[in-house]
Amino acid sequence: SFAITRETLVVTPVGPGAPVSVDALEIGLKNGNLFAGTGNPDSNNNGRFDSGDDPEANGAVGIAFQSVSLALVSATAANGTKYFAMRARGTAALVGIDGFEIGGTLEVQTNTAKTSGGVDAPGINFALLPSGKLAVPSSATTSIDVNFSTTIAIRVFGTATVDIGGFVYVTASFAIEKGPSQQVTLDNGATRTANILKIGIGNGYAFVGVNGPYWITNADGSIRAPTVAETGGALGVALSAVNLGIALIKPTDAPTESY
């Protein structure tokens with residue numbers, strides 16, 4: 001289902017600033033399904049690709065996105081500043097590739113703006129709207145909430161599970177975020193204006209060996225060690241509670257440097 005809405009809103013940019021009136025175009029989509037690849041993903045033969053299909057069982061090969069929801073907001077102020085916000089989420093899986101499986105949940109967020117001169121500007125603080133959010137209609141009766149309170153160049157997060165040849169199993173949550181440029185201080189006291197890409201992996205579990213995946217996934221998605229009866233003869237190396245944080249820093253005023 002989908003909906004397209006046009007309305008006038010009074011919004012407040014992130015940070016100090018006065019409310020402004022904007023002409024907003026809102027697009028909402030719910031329960032969408034997309035398949036990119038070869039073969040016919042319509043395993044239940046109802047004439048469309050939907051949440052009831054198992055494309056791999058039907059011999060399809062590619063990437064399946066299912067239960068996709070999308071809220072998109074494009075708004076323009078009288079002074080020419082253009083605001084753009086998006087929230088998209090769903091599940092994704094690589095299907096039909098023998099010996100390699102990857103799938104999980106995914107959410108993508110962005111909240112940006114540019115002036116009429118093409119200069120980056122703060123995005124909209126949706127939390128300051130009267131309801132604390134913008135409910136973007138996705139049908140006559142449903143909506144998707146956009147409640148960002150910070151400027152977001154791009155943020156991607158979710159969970160992923162990887163199975164390589166029945167020998168390597170990995171499951172973890174992850175996040176990737178690129179925010180607005182900010183000032184950083186080097187260890188020699190010098191300062192730089194830099195773009196920062198942050199990558200985080202949390203609550204990771206891995207098993208390398210035979211008769212895996214060793215770890216038990218509960219109905220609520222949490223992961224635990226197996227009981228003796230549940231090990232299933234697993235033999236190998238198991239890693240738990242793996243966490244990783246990476247910051248990639250690229251100065252905009254010293255383009256030959258990177259940290």
Side-chain angles (χ1 to χ4, degrees), residues 11-20 22 72-77 79-89 92 102 104-129 132-133 146-162 164 168 170-208 223 237-259:
V11 300
T12 303
V14 174
V20 295
V22 297
L72 185 152
V73 181
S74 179
T76 303
N79 63 2
T81 298
K82 296 182 181 297
Y83 299 90
F84 179 79
M86 181 188 71
R87 182 183 184 188
R89 55 186 169 180
I102 182 170
T105 62
L106 185 70
E107 179 159 339
V108 181
Q109 301 176 347
T110 187
N111 184 29
T112 61
K114 283 188 180 293
T115 67
S116 59
V119 178
D120 289 339
I124 295 172
N125 188 341
F126 291 93
L128 294 182
L129 290 171
K133 62 186 179 182
V146 178
N147 57 1
F148 307 140
S149 59
T150 60
T151 300
I152 306 167
I154 186 71
R155 177 189 292 155
V156 181
F157 61 91
T159 61
T161 300
V162 179
I164 304 174
V168 177
V170 180
T171 182
S173 59
F174 69 91
I176 303 171
E177 179 176 350
K178 181 180 182 295
S181 298
Q182 63 186 77
Q183 190 175 78
V184 298
T185 302
L186 306 182
D187 57 4
N188 63 3
T191 60
R192 298 284 189 272
T193 299
N195 292 322
I196 302 177
L197 179 67
K198 294 178 283 186
I199 303 172
I201 296 175
N203 199 32
Y205 292 81
F207 176 77
V208 181
I223 297 173
V237 177
L239 302 176
S240 64
V242 176
N243 296 289
L244 173 68
I246 300 173
L248 303 177
I249 303 171
K250 185 66 177 178
T252 58
D253 49 4
T256 61
E257 298 178 7
S258 58
Y259 303 92

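Computed from a predicted model, the values in this text were never measured in an experiment. For the numbers below, each heavy atom of this structure counts, side chains included, while hydrogens, waters and symmetry mates do not.
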**Request:** Could you please spell out the steps behind the side chain to side chain contact (heavy atoms under 4.5 Å, CB included) verdict for V20 and Y83?
**Result:** CA-CA 11 Å; V20 295; Y83 299 90; 4.1 Å; yes

**Prompt:** Can V156 and L106 be said to form a side chain to side chain contact (heavy atoms under 4.5 Å, CB included), step by step?
**Reply:** CA-CA 7 Å; V156 181; L106 185 70; 3.4 Å; yes

**Message:** What verdict does the side chain to side chain contact (heavy atoms under 4.5 Å, CB included) test give for V108 and I154, after you've listed the backbone C-alpha separation in whole Å, the side-chain angles of each residue and the deciding distance to 0.1 Å?
**Reply:** CA-CA 7 Å; V108 181; I154 186 71; 3.7 Å; yes

**Message:** Is there a side chain to side chain contact (heavy atoms under 4.5 Å, CB included) between L72 and F84? Walk through the geometry before answering.
**Reply:** CA-CA 8 Å; L72 185 152; F84 179 79; 3.7 Å; yes

Pairs of donor and acceptor atoms involving the side chains of residues 172-179, under 3.5 Å and at least two apart or interchain, shall be tabulated with distances.
| from | atom 1 | to | atom 2 | distance (Å) |
| --- | --- | --- | --- | --- |
| S173 | OG | G202 | O | 2.8 |
| E177 | OE1 | R155 | NE | 3.4 |
| E177 | OE2 | R155 | NH2 | 3.4 |

Side chains of residues 185-198: which donor-acceptor pairs under 3.5 Å do they make with residues two or more places apart or in other chains?
| from | atom 1 | to | atom 2 | distance (Å) |
| --- | --- | --- | --- | --- |
| N188 | OD1 | A190 | N | 2.9 |
| R192 | NE | E257 | OE1 | 3.0 |
| R192 | NH2 | E257 | OE2 | 2.9 |
| N195 | OD1 | S181 | OG | 2.6 |

Donor-acceptor pairs under 3.5 Å, side chain of residues 122-129 to any protein atom, not counting sequence neighbours: which ones?
| from | atom 1 | to | atom 2 | distance (Å) |
| --- | --- | --- | --- | --- |
| N125 | OD1 | A127 | N | 3.1 |

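P13 and A18 get closest at one heavy-atom pair: CD-O, 3.6 Å. Between Q109 and F157 the shortest heavy-atom distance is NE2-CE2, 3.6 Å. Of all the heavy atoms in G17 and T12, the pair that sits closest is O-CG2, 3.8 Å. In terms of heavy-atom proximity, Y259 sits nearest to P251 at CE1-CG, 3.7 Å.
T110 meets the side chain to side chain donor-acceptor pair (under 3.5 Å) test with no other residue; sequence neighbours excluded. Scored by the side chain to side chain donor-acceptor pair (under 3.5 Å) test, T161 finds T171 as partners (sequence neighbours excluded). Residues passing the salt bridge (Lys or Arg N to Asp or Glu O under 4.0 Å) test with D253, sequence neighbours excluded: none.
The line from CG of N203 to OG1 of T159 is 10.5 Å long, rounded to the nearest 0.5 Å. In this structure, the separation between OG on S258 and CG on L248 is 9.0 Å, given to the nearest 0.5 Å. Here I201 contributes atom CD1 and L244 contributes atom CG; the two are 5.0 Å apart, rounded to the nearest 0.5 Å.
Counting only heavy atoms from C-beta outward, the side chains of R89 and T105 never approach each other to under 4.5 Å. Residues K114 and D120 have side chains in contact (heavy-atom distance under 4.5 Å, counting atoms from C-beta outward). Using a 4.5 Å heavy-atom cutoff, the side chains of V162 and V168 are not in contact.
For K82, the NZ atom sits in a loose shell: 12 or fewer heavy atoms of surrounding residues, nucleotides or ligands are nearer than 6.0 Å.
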